[in-house]
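Here the structure comes first, spelled out in structure tokens, and everything after it is commentary.
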Amino acid sequence: MLLSEMKVVAPGSLTEALRWLEEHQDRARPLAGATDAMVRVKEGQWRSPIWVEIRRLPELQRMDQADGWVTVGAAVTYGRLLRSELMAQTAPLLAAAARDVGSVQIQAMGTLGGNLGTASPAGDTIPPLFALEAEVGLCSRGGGERWVPVESFFLGPGRTVRRPDELITAVRFAPQAPGERWKWQKLGLRGAQAISMVSLALRLQPGFARVAFGAVGPTVLRARKCEAWLSQAEAFDLATVRSIAQMAWKEVAPISDVRASAAYRQQMACALLERGLREVLAV
Amino acid sequence: MTNQQTWIGKSVHRVDAPAKLKGEPVYMTDRPLENPCFGRVLRSRYPHARILRIDTAKASALPGVICVLTHKDVPGLNGFGIVIPDQPVLCFDKVRMMGDALALVAAETPEIAAAALDLIEVDYEPLPIVDDALAAIMPGSPLVHETGNIHLRTVIRRGEVAQAFAEAAVVVDHVYFTPRQAHMFLETEGGVGQLMPNGELHIWCPAQAAFRDRLQVARLLGWDPERIREYSSPSGGAFGGKDELTVQHYLALLALHTGGRPVKIHLSREESTVAGIKRHPFMVQMRTAAAADGTFLAQEAFVVADTGAYASLGGPVLNLAIEHIGGVYRFPSLNVEGYCVYTNNGISGAFRGFGVPQVLVALESNIDEIARRLGRDPLDLRRQNLIQRGDLSAIGNPMTTGVGNQAVLEALENSPTWKERTAKKAAVTDPWKRRGVGIGLCMQGLGLGKGIPDYGAAVIELLPGGKFKVGISIQEIGTGNQTAYAQFAAEALGCDVADVEVIQGDTGYSADAGTVTATRSVFTGGKAIQITAEKMVALLRSTGAESYAAAYAVARERGLETKVRGSFAWPEADEEIPGAFGLPHHIYGYGAQAALVEVDTLTGEVQVLEVASVVDTGKSINPMGVEGQSEGGVAQGVGLALMEDTVVREGRFLNANMSNYIIPTAGDVPKVETFIVEVHEEKGPSGAKGMGEVPIVPTMPAIFGAIYDAVGVQMFRAPATPERVYMAMMGDPSATEDTPALRARIAEGRRAGLAAQLHQTEGEGYAQPKGPEDEEA
């Protein structure tokens, strides 16, 4: 399909957007910041006959806290996330990851919902959402709204449980505790604007730990053995930190590609966890 | 020469900066066109295959398609190449790389052109792929060209090598590998071609060799070159990657079939990466001998350069590398065997440094190890072995021009990066990080070398109001030479820089001063402008007028020619190096760098914190411009050392765009402190030499030395990615490439290389570009 044969529609409301999706199903595709779509279209993929532009929909712009949930609309950009006072207070882990996404230009255009929809195992905001045990809000005209735990949302690289008539509308999670230790770590081939070879989202409180890795499996994944040991540890000396970090080796399943080998990625899951723990624990 | 200079040696703002900073469409691929059509190139589906059939019928029938061309539509020689025309303009019998061109399309829109490419039917018969340069030398390897896979063999032997190694106290012997670095200029290859109403063919195309491009295009069209005009400046970056024809040949062919409409081609980043020139990947096995007192005794090297499917400048790249195999040091004996080899791995050619960075990393790393084994300070050991003026270089060339290695070494020694290295290394913050400092020294031959016609020429025109126009072929590719040329002219003519307009790269106006390559642009252009300016000054005097504005009026009144031209021939060495075409050079630029790095021992990440960059420029024409070039060279050197490699497996490109081809960002480029050293070059204009390539050359060895200093591992393969550094630190077997099996292959390769019957005798058979006199005749 030629570029000039594609149709881009810009509905004014969520209802209207959902109607486009319902009517055209697989022939329609949501378009938010276009930071992934432009690249894929240029490569000859994702040649969708209809693009439904959702970037400006007012219903997808929310960022609020109520009833124990922090809710972030799907069209909120990385730039808004990383500058948000609410995020700084309730999800600094997510804000830190947003700061590491692409360039300033990408941050100005790319959205949280888009990162979820593209479903790359290397998507930078996803490990924090795993560590926050977030839920993804999906909406359709026929079925209304449903909330899916982020861990159940992804089926594999580029594949999610979203139905063609559904739109990702928001993400919600419980806020990070005020005294909580947390760390976002990303390993790329250079200091900035690099696709992650391995990434880590870490949350730590007495008796509580969340560890999520990006780019070391078909989806982002939780390292539950590491979490269990971390939540049970009584004291963190260097030897303990190292032995727990080494366990990550068994919890990841990376592949080799042009950026890094599987063996290195596996080692780096351990290395990032060790480095993250040593930074937050000062050991 | 007077020391009272108004413009030479002053930091002048770049004359081209305002328009570029404002984002004006200064580049030729950005300019709006009247009634354009759009060209595309059909590239190969296979890295190596016989072509059985090309059918363009369906593509031609697509509405909106203006023409579809194949090899049958090439009226003249279906070949091009700076040295030998071994690359088909449009392939006919076989393809040798993924970037090979099979057909051209012009259409009403870019989209239709792309759709037409898909409709061209090509039947291929895939052939075995040659993807390893060392394997390509061996007997029985599949052939990329019928004439054999060895494009050039250069062997230089000097002194009593065997005896030197036998008597040495230390012998260091390693194998190094360097990457297929991509130029990654901002402006990918592109341009516009148009057949003009007067019958001339005009080509607007960012390039580095306007007059030679014109000859190459004339040859493939079978035209008189005078009917072709190329506008080749400015360029949004080139670095050597636009030295060869890029799209001029396609534009020329298409423009003959578009009814006088301008036709535009602009390569995507991916097409640029697959089809464009790259830095030659090298394998260098180097064995260096030193006496107990640190004196270097012998240097032995086996060098294999992967030129890909076509020669381009592969031969000269190999030879320049070999010329610099001993660096800035005395080596009384030398044994070097070098091969430039065809493979199906894309195509390699000119790139800033031109082979020298690839061998210097081996030399300087070997020297670091000698220093460690002798318990010597690495800088002091280097000082002990520096070539002095009057000495012979490693290849036996008497060094008779300004030798700046002593001066750059002293400046390096006094730089804060080196002098305060102990404190800087101790300032590491996290306990899992280590810091180190390393150094590299280099020289770089300037100009084209012995036996290759090298000349400069310029025109200067007096304009109404007493302003001047300077015309010179050498292009502005981002280096700042336009500003330097305005400075030379203003100084010589006694006017303001703002009163000089510099017209570059226009074969219809500018004099042929050759290419913007080989760090020759300041020397060539400066000298040509100074010589031409003398004629202009004579013209002005002859008018007897008080002002230039009045002189113009007088000249017009008397019917005097207001445009003058001058030319000169580059100085060259007295004696050539036997068996090594183009060697030696006569004038060299010198550089030295110290790098401070921090290595994360948990991940292998290397952050370059600071680089002290010393450059011997001869007289520095625009110090601010020198600093810019120095910083840019270091940035590109950091990429070469740590990040950049076009990964080609079985002839196919795995990282063709910039999401996976990694170049340094502002966050990766260190603080660069530049120290300019001016070792006066009496043969140069106002004592200048030039320096554009120098700052990329010592960066890789300085960083590798710093990594060793930090964590005690020597890197043998660039780029030193986090994974490679980590695996080396872990002692992982995958980090060791120098195995008995590799040594056996090298031994076999050396035997096979020396035994090979070459189609073309070493040092002969190069097609020479014509000199300016020939063209004018």
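These numbers were taken from a predicted model, which means no experiment stands behind them. Below, chains carry the letters A, B, ... as their sequence lines are ordered, and counting in each starts from 1.
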Flag if over 12 foreign heavy atoms under 6.0 Å of CD, A:Gln45: yes
message: Less than 4.5 Å to any heavy atom of chain A: does that hold for the side chain of B:Glu723, its backbone, both, or neither?
response: both
message: For B:Arg45, is the CZ atom crowded, meaning more than 12 foreign heavy atoms sit under 6.0 Å from it?
response: no
task: Can you tell which part of B:Asp600 gets under 4.5 Å to a heavy atom of chain A, answering side chain, backbone, both or neither?
output: side chain
- prompt: Salt bridge or not for A:Arg278 and B:Asp430, using N-O below 4.0 Å?
  reply: no
message: Check this for me: A:Trp229, atom CH2, are more than 12 non-hydrogen atoms of other residues, nucleotides or ligands nearer than 6.0 Å?
response: no
query: Which bit of A:Ser261 is near chain B, if near means a heavy-atom gap under 4.5 Å: side chain, backbone, both or neither?
result: both
message: Is it true that B:Glu111 and A:Ser4 share a donor-acceptor pair across their side chains at a distance under 3.5 Å?
response: yes
message: Tell me the closest heavy-atom pair linking B:Thr665 and A:Ala192, and the distance in Å.
response: CG2-O, 3.8 Å
statement: When the 4.5 angstrom heavy-atom criterion is applied to B:Gln607 and chain A, the contacting part is neither
- request: Please determine, among A:Leu189, A:Leu272, A:Leu2, the option with the most heavy-atom pairs under 4.5 Å with chain B.
  value: A:Leu2
query: Any idea which of B:Val647, B:Thr603, B:Thr721, B:Thr109 has the most non-hydrogen atom pairs under 4.5 angstrom with chain A?
result: B:Thr603
- request: Output the distance between atom CD1 (B:Ile662) and atom CD1 (A:Ile195), rounded to the nearest 0.5 Å.
  value: 7.0 Å
query: What are the two closest non-hydrogen atoms of B:Pro722 and A:Gly188, and how far apart are they?
result: CG-O, 4.3 Å
- line: Cut-off 4.5 Å, heavy atoms of chain B, and the answer for A:Glu279 is both
query: Just wondering, more than 12 heavy atoms not from A:Arg222 lying within 6.0 Å of its CZ?
result: yes
query: What distance separates B:Ser659 OG from A:Arg259 CZ, expressed to the nearest 0.5 Å?
result: 7.5 Å
statement: Applying a strict 4.5 Å limit to non-hydrogen atoms, the region of B:Met730 in contact with chain A is neither
task: Look at B:Asn655, B:Val606, B:Leu602 and state which one has the largest set of heavy-atom pairs under 4.5 Å with chain A.
output: B:Leu602
field: Whether over 12 other heavy atoms sit under 6.0 Å from A:Lys42 NZ
entry: yes
Separation of A:Arg275 CZ from B:Lys433 NZ (nearest 0.5 Å): 6.5 Å
- prompt: Looking at side-chain heavy atoms only, is the closest gap between A:Arg190 and B:Ile663 below 4.5 Å?
  reply: yes
message: Can you confirm whether more than 12 heavy atoms, excluding those of B:Met658, are under 6.0 Å from its CE atom?
response: yes
query: Between B:Tyr726 and A:Gln267, what is the shortest heavy-atom contact and its length?
result: OH-OE1, 3.1 Å
task: Assess whether side chain to side chain contact (heavy atoms under 4.5 Å, CB included) is satisfied between B:Trp432 and A:Glu274, documenting all intermediate values.
output: CA-CA 10 Å; B:Trp432 55 87; A:Glu274 179 182 336; 5.9 Å; no
- prompt: Where does B:Asn657 contact chain A at under 4.5 Å (heavy atoms): side chain, backbone, both or neither?
  reply: side chain
- prompt: Roughly how far, to the nearest 0.5 Å, is CG of A:Asp257 from CG of B:Asn660?
  reply: 7.0 Å
